[in-house]
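Worksheet: the structure to be examined is printed underneath.
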Protein chains: 2
Amino acid sequence: MRITPCSECSLRKLECFSKATSDEISFIQSYKKTEIKLSAGKTLVHQGSRNVELYTLKSGWAFRYSLLENGKRQILNFILPGDFIGLQAELDKELNYGIESLTECVFCVFPQDRIMDVYSQYPTLGYDLTWLAAHGELIVDENLISVGGRNALQRIAMLLVSLYKRASSIGEVVDESFNFPITQQHIADSMGLSLVHTNKTMAKLKLYGVQEITNNRIKIRSLDKIARLAEYYSLPLRNRPLL
Amino acid sequence: MRITPCSECSLRKLECFSKATSDEISFIQSYKKTEIKLSAGKTLVHQGSRNVELYTLKSGWAFRYSLLENGKRQILNFILPGDFIGLQAELDKELNYGIESLTECVFCVFPQDRIMDVYSQYPTLGYDLTWLAAHGELIVDENLISVGGRNALQRIAMLLVSLYKRASSIGEVVDESFNFPITQQHIADSMGLSLVHTNKTMAKLKLYGVQEITNNRIKIRSLDKIARLAEYYSLPLRNRPLL
DNA sequence: CGAACCCTTGAAACGGGTCAAATCGTGTGG
DNA sequence: CCACACGATTTGACCCGTTTCAAGGGTTCG
């Protein structure tokens, strides 16, 4: 498998990521251990495992979830290209969540045990890591706000809007539509709804003429309309760091 | 108002915090701008404000919340002594949440605009900040898991267990009981339940002989029992950094 | 052609929401 | 010291959003 050097990473060309200096990029390159390629539906990290590495999702979609004893699965957040994963892990502690791919995925792997190098050699990147961790919390915040305070229609609308915006920022939206490898079961598990009710609610949303899904691609007809439905409060977006 | 020097901070004597070197402590001292004292029920940070500082809660309890357009308030997490606040903020962006005190509180204030000093001068503290941000996400994760996947009884049980553990780790639990400045409305808003149903559920919990509340103090009779009820999955605890 | 998934739909049961109102402090002012 | 206001806790009745159970249909893939 040929691995592109970090300096030529296609993600880095996107506007949504902040510019790194060439020094930083070559440090990142040296910090990067390898790449992992996963086909769709595979587990990158098992719930309950220890000593997890750090990852950047280079391509594909994935999600982070937690299984409850009652058999339910709560999806904590969806992971899109450029997202950094693993900071929530604590060395030597059992993880309370797992990570699974939705499509074929490529992850860049950074060894957890060398993380202090980042802070001691590139303070700016250290700050970026903090920023990424904090930003991760904001996304979970949004999900909690949805699940805790909105009804089914609004929750799903909210999820679609937020995925649309995230997909859009990395250039995956073409003609108001984008690849959507998420099943209704995923939506249900992420929004704390049953599969059946999720299905009926999405049918209703479709009636509103707002979205339609055909072979793994979703088209959002009117972002305004769906955002109004969700009482969408826009998440502040700024350029984000990429490791 | 007399301000204790960081080196004599009473929190620092607690076992639950990792040890800092005296160098680090004096740096923290110099980074600290001032202290803010708030009486109960006051707002430290308004939702929608910008340019927020960073804070450590030195004493008292507080909480972080977000108001929805439909009038609901979602409590994102409760804040206990030693917790660090404000990393979720992004400079110059509107905050999507506010912070309010539950009791009289004292906050240590650290200027946002000097945060890079931490990373450039004390890499280890920089790493600690990342850890704190990531740990904050874990707590929100737990709430999302509860709200998304558990019923009312379990959610409240879960909340009580987790508050018990957190209070216990900072030495606030005496004889299985601790100060509990949280109203049923707070519990409702944090667990995505209505006030009425929260009340009825707590009455049921009381019947289980599990907890009782008298003048702002809660007594947990059997942590085991209530934890089993909640299908509690213990959050990994390690010593955490204190800034 | 079946197996495995995913999406759909209908009907019935229930957990939790909403509305309304009473009770119980606790602090305030006359 | 009592009267009153205000916030928090309770309780009962009713309603509705969502869950659960059950079953049918579509599509992909070996």
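Within every chain, numbering begins at 1; the chains are lettered A, B, ... in the order of the sequence lines, protein sequences first and strands thereafter.
Atom CD1 in B:I187 sits about 18 Å away from atom C1' in C:dG17, given to the nearest Å. C:dT9 atom C1' lies 12 Å from atom CG of A:L195, rounded to whole Å. One interatomic measurement links the two molecules: CD of A:Q185 to P of D:dT19, which rounds to 12 Å at whole-angstrom precision. Separating the NE2 atom of B:H197 from the P atom of D:dC14 is a distance of 18 Å, rounded to the nearest angstrom. With rounding to whole Å, A:H186 atom NE2 is found 14 Å from C:dC7 atom C1'. In this structure, CD1 of A:I218 is placed 12 Å from P of C:dC7, rounded to the nearest angstrom. When the P atom of C:dT18 is taken as reference, atom CG of A:N151 falls 10 Å away, rounded to whole Å. Rounding to whole angstrom units, CG of residue B:D189 and C1' of C:dG17 are separated by 14 Å.
Not one side-chain nitrogen or oxygen of A:Q184 sits closer than 4.0 Å to the OP1 or OP2 atom of C:dC5. Between B:N199 and D:dT9, a side-chain N or O to OP1/OP2 separation shorter than 4.0 Å is absent.
Distance from the side chain of B:T183 is smallest for D:dT9 among the nucleotides D:dT9, C:dG16, D:dT11.
Paired regions of DNA chain D, where each region holds three or more successive Watson-Crick or G-U pairs whose two hydrogen-bonding distances fall under 3.5 Å, are C:1-5 with D:26-30, C:8-30 with D:1-23.
A:N216 is not listed as a side-chain neighbour of A:F180, based on a closest heavy-atom distance of 4.5 Å or more.
Between B:F84 and B:F110, the ring planes are tilted. Angles from 30° to 60° get that label.
Base contact: A:S194 has a heavy atom under 4.0 Å from a base atom. Within the nucleic acid shown, B:L193 comes within 4.0 Å of sugar-phosphate atoms alone, with no base atom in reach, counting heavy atoms only. In this structure, A:G192 reaches the sugar-phosphate backbone alone: every heavy-atom distance under 4.0 Å involves primed, P, OP1 or OP2 atoms, never a base. In this structure, A:A152 reaches the sugar-phosphate backbone alone: every heavy-atom distance under 4.0 Å involves primed, P, OP1 or OP2 atoms, never a base.
Checking B:I182 against B:K200, the closest nucleotide of DNA chain D that is more toward the 5' end is the one next to B:I182.
The closest donor-acceptor contact from the side chain of B:S101 to the backbone of B:S39 lies under 3.5 Å. Side-chain atoms of B:R150 never come within 3.5 Å of backbone atoms of B:R155 as a donor-acceptor pair (strictly under, hydrogens ignored).
Salt bridge absent: A:R221 and A:E176 never bring a charged side-chain N and a carboxylate O closer than 4.0 Å.
For the residue pair A:N77 and A:E142, no side-chain donor N or O sits within less than 3.5 Å of a side-chain acceptor on the partner.
With A:Q184 as reference, A:L195 is the one residue of A:T201, A:L195, A:D189 to meet the side chain to side chain contact (heavy atoms under 4.5 Å, CB included) rule.
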